[in-house]
Amino acid sequence: MFGCVVAGRLIQTNLQQIDDTHAVFELPSASTINHICVFLLGTVPFPDGFGATVHFHWPGKGFQLLGALSNDKPSAIFRLRGTFSAQSSLAHAAFQAQGPAAAPDGDATAVLGISVEPLAAIQPQLAALPSALTRAAPPSEPADPTMLAEKIVKHLFNFLSSFSADSGSGAALTPDSYVQLRTVTRWYESFISKVRLGGTGFLDRQE
């Protein structure tokens with residue numbers, strides 16, 4: 001149901017089930033981990049009204065809540081280095097039996113814990129996250145749909161303009177320009193991939 005990938009490494013699907021609502025990934029060479037992406041594999045959705053909290057055990061420092069996944073947000077990227085703050089919760093108690101161990105080369109193995117919980121129980125936990133981590137959580141207030149639509153159209157226009165420049169024609173994009181459907185499809189696939197990986201924050205960084 002879940003997968004994860006540490007930046008610079010291969011995807012992991014070797015999930016270890018603890019009980020019906022808790023599971024863990026073991027992450028070797030913990031000292032080299034900076035960012036991690038956690039996601040649903042798309043094979044089994046959450047039951048209605050449920051999601052999952054994501055927790056990280058840094059060797060020797062305890063557990064920390066990173067964020068959450070849901071059917072509406074099936075993936076999330078977390079920055080680990082420099083943001084650790086040990087916490088305690090009921091989910092952490094379930095993960096304790098799967099504590100990290102030292103690897104043969106002396107580098108420790110971290111644990112990524114996943115706890116399936118009701119969405120009503122997840123939201124208060126996300127609200128209590130430190131500000132450095134709440135960027136991975138869904139916003140509490142919905143974005144202005146008009147502003148969002150303008151940003152999406154601007155992103156499409158910038159993509160089509162750059163595509164036209166790369167073609168070598170040198171022609172500027174105008175209201176009378178013809179655009180091939182496959183070019184728009186290429187933009188759409190790239191756009192959806194970015195949204196699934198990190199939300200719509202990239203739209204605020206476009207020129």
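For the numbers below, each heavy atom of this structure counts, side chains included, while hydrogens, waters and symmetry mates do not. None of these values were measured; they are calculated from a predicted model.
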Problem set entry | Residues which pass side-chain contact (heavy atoms from CB on, under 4.5 Å) with I152, listed by chain and number, not counting sequence neighbours | L148, W187, F191, L203
For this session: Say whether F46 and V44 are linked into one hydrophobic cluster, either directly or through other cluster members, by side-chain heavy-atom distances under 4.5 angstrom.
Result: yes
Problem set entry | Reported NE2-to-CD distance for the pair H55 and Q125, which is rounded to 0.5 angstrom | 6.0 Å
Exercise. Mind checking what makes side-chain contact (heavy atoms from CB on, under 4.5 Å) contact with T43, not counting sequence neighbours?
Worked result: L41
Exercise. Between L69 and A76, which heavy-atom pair has the shortest distance, and what is it?
Worked result: CD2-N, 3.8 Å
Exercise. When clusters are formed by joining ILVMFWY residues with side-chain heavy atoms under 4.5 Å apart, either directly or through shared neighbours, do L181 and Y188 land in the same one?
Worked result: no
Exercise. Does some side-chain heavy atom of C4 sit less than 4.5 Å from a side-chain heavy atom of L27?
Worked result: yes
For this session: Indicate yes or no: at least one non-hydrogen side-chain atom of F50 is less than 4.5 angstrom from one of L119.
Result: no
Seminar exercise, completed: Here the gap from L126 atom CG to T53 atom OG1, rounded to the nearest 0.5 Å, amounts to 8.5 Å
Problem set entry | A121 versus P124, closest heavy-atom pair with distance | O-CD, 3.5 Å
Exercise. Can you name the closest pair of heavy atoms from I122 and A52 and give their distance?
Worked result: CD1-N, 3.6 Å
Exercise. What distance do F56 atom CZ and I33 atom CD1 have between them, rounded to the nearest 0.5 Å?
Worked result: 4.5 Å
For this session: Give a yes or no on whether L40 and V5 share a hydrophobic cluster (residues Ile, Leu, Val, Met, Phe, Trp, Tyr; joining criterion: side-chain heavy atoms under 4.5 Å apart).
Result: no
For this session: Verify the cluster assignment for I192 and L156: are they in a single hydrophobic cluster under the rule of side-chain heavy atoms below 4.5 Å apart?
Result: yes
Problem set entry | Those residues that, when tested against N14, pass side-chain hydrogen bond (donor to acceptor under 3.5 Å, both in side chains) (two or more places apart) | Q12
For this session: Examine the side chains of R9 and S29 and answer whether a donor and an acceptor come within less than 3.5 Å of each other.
Result: no
Exercise. Say you draw a straight line from CD1 of I114 to NE2 of H22; how long is it, rounded to the nearest 0.5 Å?
Worked result: 11.0 Å
For this session: Considering non-hydrogen atoms only, spot the tightest contact between F159 and T183 and give its length.
Result: CE2-O, 3.5 Å
Problem set entry | Spatial distance of atom CD1 (I77) from atom CZ (F39) [nearest 0.5 Å] | 10.5 Å
Seminar exercise, completed: Rounding to 0.5 Å, atoms CG (L160) and CZ (R186) come to a distance of 10.5 Å
For this session: Could you walk me through whether F25 and V111 pass side chain to side chain contact (heavy atoms under 4.5 Å, CB included), step by step?
Result: CA-CA 6 Å; F25 286 101; V111 171; over 6 Å; no
Exercise. Is any side-chain heavy atom of V116 closer than 4.5 Å to a side-chain heavy atom of D20?
Worked result: no
